[in-house]
Each structure stands twice: as C-alpha cells, then as structure tokens.
There are 2 protein chains.
Amino acid sequence: MSRSRTTDSKPIPSVWAREQRRADQPALSRDAIVREAIAMLDADGVEALSMRKLGARLNAGATSLYRHVATKDELMELAVDEVTAEVHVPPADRPDWREAVTEAAQSFRRTALRHPWLTLVLGQAGLAYLGPNYMNFSERLAALFTAAGFPEPSRAIETVFSYVMGMSSAEAAWLTTVARSGETEADLIARLMPAAQRAAADHSHLAIPHAEVEEATTDPAALRDMKFAYGLDVVLDGLALRLPKG
Amino acid sequence: MSRSRTTDSKPIPSVWAREQRRADQPALSRDAIVREAIAMLDADGVEALSMRKLGARLNAGATSLYRHVATKDELMELAVDEVTAEVHVPPADRPDWREAVTEAAQSFRRTALRHPWLTLVLGQAGLAYLGPNYMNFSERLAALFTAAGFPEPSRAIETVFSYVMGMSSAEAAWLTTVARSGETEADLIARLMPAAQRAAADHSHLAIPHAEVEEATTDPAALRDMKFAYGLDVVLDGLALRLPKG
DNA sequence: TCCGCCATGCGTACAGTGTGCGCATCGAAC
DNA sequence: GTTCGATGCGCACACTGTACGCATGGCGGA
C-alpha cells in the first residue's frame with residue numbers, strides 16, 4: 001500500500017496516470033529530515049539509519065535528501081547539534097556552583113541516554129561540531145565555571161566533561177545492548193550474571209558484592225544513577241580543591 | 001601483478017595450469033588475521049578496514065577469513081582484546097597508590113593514542129568484551145585499588161576509567177582528524193585558529209588565553225599531556241578524600 | 001498571458017560492503 | 001588407497017553512500 005509520492009514502482013509511461021504531488025504532504029526540508037533521522041536513530045540505533053530508509057519514511061527518494069544535506073556525515077552533525085539543544089545548563093548566577101554543574105552534568109547524561117547514539121557520534125568527531133547549539137552549550141558551561149571562580153575554567157570543564165562523556169557512553173552502549181536483547185534490563189542482568197560470576201572466578205579481585213548483585217537485579221536504573229552521582233561528586237571534590245582560597 | 005594464490009582472476013579450466021600453494025606463505029590463522037587487521041586499523045582508521053582488503057593483504061580471499069573468525073564484529077573484539085594487552089598496570093604492592101594508578105592511566109592513554117580506533121570500538125560495546133587480556137586488565141586494576149584501601153574499589157575504578165576513556169577518546173578523535181588532514185598538528189591548529197576565534201567572538205566566555213594559543217601552536221602534544229595529567233590529578237584528589245581515615 | 005529560469009525531486013548507476021552457500025582441494029588417519 | 005574433515009575461494013545477494021542528469025512545477029519578468 002505504501003507507494004512513492006509521484007510514481008509507482010514501475011514507471012508509468014503516461015503523464016496522466018501519474019499521481020499529483022499531495023498538497024498536504026509537507027515539502028522536504030532540512031529540519032524535517034533531521035527530525036526524522038533523529039527519530040530513526042533513537043528507535044533503532046546508528047546502524048539502522050540509511051539514506052534510503054530515511055527517504056522512504058519521508059515519502060521521498062534517497063537521493064532527494066541530498067538537495068538539503070551535503071552528505072550523511074553532515075546529517076549526523078546536524079542531528080548531534082539538534083539534540084544538544086536538549087541539554088540544560090543553568091545560568092551562571094546560581095549561588096551554588098556545585099549544584100549548577102551537577103544539574104548540567106545530569107542533564108547531559110539524560111540526553112545521552114535518551115539518544116544513545118549521541119556519544120558514539122560525538123566521539124567520532126575530533127572537533128568539527130561547531131554547530132550553534134553546541135557552541136551555546138560550551139558558552140554556558142564556560143560562564144558557569146568562570147562565575148564559580150576557576151582561574152582556568154576550560155581545564156575544569158574538560159575534566160568534568162571527560163568524566164561525563166566516559167560514563168554516559170558506557171551507559172548508552174549498555175542500554176543499546178539491553179534494547180537489542182528485547183529483555184528488561186534486570187532480566188538481562190540476571191541472565192548474564194552466572195557467566196560473569198564464572199568469568200570472575202579466576203580473578204580473585206573481581207568478585208561483585210552481594211548487595212550490588214541484589215540491587216542490579218531489582219532496580220538497575222537506580223544503581224546506575226548512583227554510580228554516576230558518585231563519580232561526579234569525586235570529580236567535583238577534586239575541582240573544589242582548586243578554587244582560590246579554599 | 002597481484003594475483004590470487006591458487007587461481008587467476010578468470011578461472012582456468014585446466015587443473016594443471018593452476019598455481020601451487022606457496023609453501024613459504026604461512027597459512028591463514030586467527031592470530032595472523034587479527035595482527036594484520038590491527039595494522040590496517042592503525043594505518044588507515046576504522047572505516048578503511050574491510051574484509052576484502054584484509055583478505056587481499058593476506059593473499060587470501062575475503063570469505064576465507066570466515067573460517068577463522070565468525071564475523072567482522074568478532075574480529076573487532078579480538079583486535080580490542082589483543083591491543084588491551086599493551087596496557088601496563090603496575091602490580092598491587094607499590095607503596096604509592098597514586099603513582100601506580102597514574103602509571104596505569106597514562107599507559108592506557110598511550111595505548112589508545114597508538115591505536116586511535118580503540119576507544120571508538122570499546123565505546124560501541126556495552127560489555128561483551130570479556131576477552132582474556134581485558135579481564136586481566138580489570139583484575140589488575142581491581143587489585144591496585146583494593147590494595148590502596150578503597151572500600152568499594154569498583155566505584156573508584158569506574159570513576160577514573162570514565163575520565164580516562166572520555167579524555168582519550170576525544171584525543172584519539174582529534175589525532176585522527178590531524179592524520180587525515182596530512183598536516184602537522186601544530187600547522188592544523190594554526191590554520192583552524194582564525195575560524196575558532198571568529199566563532200568564539202559571539203561567545204564572550206569562550207576566549208582562549210594567549211599563553212595557551214602560544215603553546216598549542218608550538219608544542220601541542222605537551223599541552224595535551226598536561227591537560228590529561230591535570231584532570232587525572234583532579235580525579236585522584238577527589239578519590240583520596242574517600243580513603244578511610246584520611 | 002506567456003516565457004524562461006531555477007530549485008526541487010527522483011531513477012539509474014557505480015563501486016563498494018558483510019556474509020551465506022557450495023564446490024575444490026589438501027593433509028592425515030585408517 | 002580410501003575416506004574424511006578442515007580449509008580456501010568464487011559466486012551471489014542484499015544493501016550501502018552518493019554522482020549524474022532528466023523531469024517537473026512554481027515563480028519572476030515581459
């Protein structure tokens with residue numbers, strides 16, 4: 001039942017037989033393309049996005065997309081920048097810089113878990129991501145750390161951001177695995193646990209505490225939240241020592 | 001002049017005309033395949049490795065590789081595990097845990113920069129990397145942090161490792177960009193600087209200090225070393241606060 | 001009202017990708 | 001000498017990103 005907008009799959013020789021362009025169907029546009037690409041990435045992961053499938057979703061041919069986007073890589077850049085807008089960085093006038101930075105870090109993490117392809121794509125691009133939203137994100141972070149009184153804010157930012165990226169990308173990868181398995185996170189953990197225990201048997205220091213096994217199989221999301229918060233606190237403690245006069 | 005081992009590109013109907021297998025040519029083996037794959041990854045990056053090209057490098061057909069390796073993903077896992085063996089984690093009996101952890105972190109970073117595809121591939125795999133070398137790496141880290149006296153060593157490890165991964169993957173991506181540009185790192189920075197300055201013009205907090213511009217264009221590698229060491233110290237300071245009685 | 005232009009869409013094509021299948025070959029075990 | 005299992009490989013399939021050139025339709029100017 002799904003047919004191309006103007007022609008059937010076999011071209012019809014007569015002009016008259018061809019469908020009219022549907023007026024209600026919005027024209028292809030860069031924004032629409034990026035939006036749909038993000039939807040596909042979110043739903044099925046980075047390797048499920050192809051220009052043909054994306055075109056089909058928009059009732060368009062694959063190569064039509066290239067009128068609005070130079071290359072698939074550029075499309076990915078646009079998707080990254082678009083999604084970056086979802087990260088909320090508090091304004092710089094907050095009294096408590098730790099709270100503000102924590103909020104920003106958590107917001108980034110949530111965004112990265114909502115779009116598990118984000119860290120993967122970000123990690124592939126050395127820089128090049130100078131899109132407006134990403135610039136804004138950086139600027140707001142810089143303002144925050146400057147207001148906090150750090151003499152070299154970019155150093156502090158890099159440290160926190162590296163931690164957040166490392167942690168988020170590991171989580172995102174794990175959640176992708178979970179999604180692909182079709183099971184609950186808890187179920188998957190329970191199923192994998194015996195193998196992990198067996199693998200750890202030969203390595204005396206790798207035993208997992210009982211309490212953690214318990215929580216991992218009951219409320220894994222909470223455990224992940226806690227781990228992230230723990231590491232973030234560590235980093236912020238270390239940074240606090242570098243603030244002038246105490 | 002490059003021809004397949006046993007046949008020409010057009011099959012020759014007579015058995016007699018076919019080349020004999022070269023006796024000195026070592027047989028295909030899993031190890032040889034992984035070794036050559038790593039060489040290709042190091043030289044030309046992750047998207048330059050295809051089963052056909054890899055086969056050609058080994059004087060073999062693409063599908064011959066599948067006798068020794070189930071799938072390309074599995075090959076990547078093997079490559080990751082192989083390379084992980086290069087990371088040096090000091091034994092747990094060192095008197096100064098900070099020095100030992102720093103050594104391990106630096107060693108990981110150096111490995112990740114020698115093989116700039118490492119973090120990329122590692123970041124794609126939720127877990128699944130339970131290869132022997134990787135297990136050994138984890139075990140030695142666990143021993144180190146346990147000996148240091150951390151009550152929950154895995155928490156501390158995760159924190160440090162996230163930072164190291166985040167930092168290393170950003171650096172690796174940047175170095176990949178540099179390599180692709182064909183320029184020196186310093187030259188590339190000098191060329192990109194005006195654009196960066198212009199982009200930062202609208203964002204008051206993003207200005208780059210003169211001293212840093214100076215160093216970035218003269219000895220960028222040293223600057224990167226310094227940044228990594230700075231953040232690592234931050235994290236270790238934060239962790240030190242969590243050691244019992246002190 | 002007509003003409004011409006130009007942005008947009010798309011069919012086709014090309015060079016590549018990972019990998020399943022079945023056949024040819026070879027060394028070793030009996 | 002025969003059989004058998006392991007190994008290599010040609011072919012084929014479905015799929016990828018994207019260059020090219022044609023068709024179309026809406027719009028500005030005459």
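As the structure is a computational prediction, the values presented were derived from the model and not from experiment. Residue numbers begin at 1 in each chain, while the letters A, B, ... track the order of the sequences.
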Worksheet item: Could you go step by step and tell me if A:Arg110 and A:Gln106 meet the side-chain contact (heavy atoms from CB on, under 4.5 Å) rule?
Response: CA-CA 6 Å; A:Arg110 278 195 305 272; A:Gln106 302 265 24; 3.8 Å; yes

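- Atom C1' of nucleotide C:dA7 and atom CG of A:Leu65 are separated by 16 Å, given to the nearest angstrom.
- Sorted by first then second residue, the salt bridge (Lys or Arg N to Asp or Glu O under 4.0 Å) pairs that include residues 160-175 of chain B, not counting sequence neighbours, are B:Arg109-B:Glu171, B:Glu171-B:Arg224.
- Rounded to whole angstrom, the span from the CE atom of A:Met76 across to the P atom of D:dG17 amounts to 10 Å.
- The distance from atom CG of A:Leu54 to atom P of D:dC15 is 17 Å, rounded to the nearest whole Å.
- Applying the side-chain hydrogen bond (donor to acceptor under 3.5 Å, both in side chains) test to A:Arg67 and every residue at least two apart in sequence or in another chain returns nothing.
- Proximity of A:His68 to the phosphate of C:dA7: no side-chain N or O atom is located under 4.0 Å from OP1 or OP2.
- In this structure, the ring-ring contact (aromatic ring centres under 6.0 Å, His included) partners of B:Phe161, at least two apart in sequence or on a different chain, are B:Phe108.
- A:Leu28 places its CG atom 16 Å from the C1' atom of D:dG25, with the value rounded to the nearest Å.
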Worksheet item: Hey, mind stepping through B:Asp44 and B:Leu49 against side-chain contact (heavy atoms from CB on, under 4.5 Å) and telling me if it holds?
Response: CA-CA 8 Å; B:Asp44 299 312; B:Leu49 176 67; over 6 Å; no

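- Under 4.0 angstrom from either OP1 or OP2 of D:dC15 there lies no side-chain N or O belonging to A:Lys53.
- Rounded to whole Å, the distance from CG on B:Leu49 to P on C:dG16 is 16 Å.
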Please report, to 0.1 Å, the donor-acceptor pairs under 3.5 Å made by any side chain of residues 194-208 of chain A, with sequence neighbours excluded.
none

Side-chain donor-acceptor pairs of residues 29-41 of chain B under 3.5 Å, sequence neighbours excluded:
| residue | atom | partner | partner atom | Å |
| --- | --- | --- | --- | --- |
| B:Ser29 | OG | B:Ala32 | N | 3.1 |
| B:Arg30 | NH1 | B:His68 | O | 3.4 |
| B:Glu36 | OE2 | B:Arg57 | NH1 | 2.8 |

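- Of the listed nucleotides (D:dT16, C:dT17, C:dC10), C:dC10 has the atom at the smallest distance from the side chain of A:Ser64.
- Every residue two or more places apart in sequence or in another chain that forms a salt bridge (charged side-chain N to carboxylate O under 4.0 Å, His left out) with A:Arg114 is listed here: A:Glu86.
- Shown for residues 36-48 of chain A: no residue has heavy atoms falling under 4.0 angstrom of DNA chain C.
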Enumerate the protein-to-nucleotides 19-23 of chain C contacts in which both atoms are nitrogen or oxygen and the separation is below 3.5 Å.
| residue | atom | partner | partner atom | Å |
| --- | --- | --- | --- | --- |
| C:dT19 | OP1 | B:Thr71 | OG1 | 2.5 |
| C:dT19 | OP2 | B:Tyr66 | OH | 2.5 |
| C:dT19 | OP2 | B:Thr71 | OG1 | 3.4 |
| C:dT19 | OP2 | B:Lys72 | N | 2.8 |
| C:dT19 | O5' | B:Tyr66 | OH | 3.4 |
| C:dT19 | O4 | B:Arg52 | NH1 | 3.3 |
| C:dG22 | O6 | B:Arg67 | NH2 | 3.3 |

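- For B:Ala222, the side chain to side chain contact (heavy atoms under 4.5 Å, CB included) partners are B:Glu215, B:Asp219, not counting sequence neighbours.
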